[in-house]
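Chain naming here is simple, since letters A, B, ... match the order of the sequence lines and numbering starts at 1 in each. In this text, all values refer to a predicted model and were calculated from it rather than measured experimentally.
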Amino acid sequence: MTHLTTAPLLLEPLLAEVTAPHCGGTCIFLGTVRDGPEDGGVTGIEYSAYDVMADAELERIVTETRRQWPGARIAVRHRLGLVPAEEASIAIAVATPHRADAFAACRHVIEEVKQRLPIWKKELRADGTATWVDPSGHPSMVGPQ
Amino acid sequence: MTHLTTAPLLLEPLLAEVTAPHCGGTCIFLGTVRDGPEDGGVTGIEYSAYDVMADAELERIVTETRRQWPGARIAVRHRLGLVPAEEASIAIAVATPHRADAFAACRHVIEEVKQRLPIWKKELRADGTATWVDPSGHPSMVGPQ
Amino acid sequence: MKGTPGGTVTVRVRFFARYAELAGRAEGTLTVPLPATVSDVVDRARHEWPGASALPPEPLAAVNLRHVRLDASVSDGDEVALLPPLAGG
Amino acid sequence: MKGTPGGTVTVRVRFFARYAELAGRAEGTLTVPLPATVSDVVDRARHEWPGASALPPEPLAAVNLRHVRLDASVSDGDEVALLPPLAGG
């Protein structure tokens, strides 16, 4: 389980993993639990995973991305368990010799993550309800918890 | 001088500046001093600036970027003085409701910075030489220091 | 190895998130006749475990930690996972 | 305010980085006849300070903290900055 953790995600250690003398540009992406006006009072999200596969899939995404952007240094962490609103559920750091590649490769990783990781989220709301999130657009209430 | 500093750039405080409940995606870009195989033993870069204008220009870039991506939260720091190899000279953080905008707005800021900031750099090498860097491709030796 | 001498394969089936709630279980073991696909395993699961009948017609699936199509074949000892719509990131 | 009664403008000129090394100074004050552009200030600087003659024909320039073209006009009291190729970021 190198890419999964239940602890809060920290940026500096992730950055240290990708820093290298030949890399002049680093792009970091953070996905955070949102509670905007349209989000209905989300207090946090409970992330669950098919953890062994999620970890393997992340490793495959990293390997494929390195192949597409040779020389890229990549670190990824996905948080599991309860992630409170405004905290990060995923952090991706990519360092490359030149900046355009850092942006492109980092974007590539998050798009692959969204499409491939066997991870699920249940939105927890202030009113006590919990909802499985279906990004394809069909939320399904699972009742007060 | 809100955007300029001579201190090492730290990520967590920058992230804290842009974090907001309505923002689900954050993109951070770091430009670091490179010393790759083709860079000829760069030990550091001495950054100098027309500081009042650089600060004003950064503020204008931030304002323009916020106008182009409404709701974006943006923080930028440019480091001045001696920046050792592998340390960051610039850090840009952009948080937006959705991730595509975070990448696009962050990329926009660094491209504008490269084109507009009155900041100059002198590459310092292990052999004692120092060279003003002209990104248009005409380095000019200024002799051992 | 494509199955037991009797012409069947036994696989471990795993359910996650909402599907585990629907099926009322996180995992189970199923035996299906050869030749068998993931789809055959899903059909068998619907009959074996009442709650699993509420699974959508074509759920996402993985075999041995890799995404597969429902017409992928399964072998004895495989781990077949049925995955609700992915929401990582 | 476009100048003194005598028909001239006095501006503060600033040099940075390599240009400061060439000009042998970081700043100075110049007076040029009206109407005056940034280009007129640059030409005057070349004559006033020998090292400044080594400046490129068309340096980047800023007036009062904003980038301007060399044909921009200057007013009394302006701060005119001559900027080597930018290398921020």
### Task
Return yes when atom CD of B:E38 has more than 12 non-hydrogen atoms of other residues, nucleotides or ligands closer than 6.0 Å, and no otherwise.
no
### Task
Answer with side chain, backbone, both or neither: which region of A:L10 has an atom nearer than 4.5 Å to a non-hydrogen atom of chain B?
both
### Query
So, for A:E86 and B:P21, which heavy atoms are closest and what is the spacing to 0.1 Å?
OE2-CG, 3.2 Å
### Task
Identify which part of B:C27 has an atom lying under 4.5 Å from any heavy atom of chain A, answering side chain, backbone, both or neither.
both
### Task
Go through A:C23, A:P37, A:A88, A:A85 and name the one with the most non-hydrogen pairs under 4.5 angstrom from chain B.
A:C23
### Query
Can you tell me if B:R99 uses its side chain to pair, donor with acceptor, with the backbone of A:G31 under 3.5 Å?
no
### Task
Answer with side chain, backbone, both or neither: which region of B:A20 has an atom nearer than 4.5 Å to a non-hydrogen atom of chain A?
backbone
### Query
If you count heavy-atom pairs under 4.5 Å between each of A:A100, A:A91, A:A102, A:A93 and chain B, which one has the most?
A:A100
### Message
Can you tell me which of A:I90, A:T19, A:L30 forms the most heavy-atom pairs within a distance under 4.5 Å of chain B?
### Response
A:L30
## Note on the structure
Note: A:H22 and B:R34 closest approach over all heavy atoms is O-CD, 3.3 Å
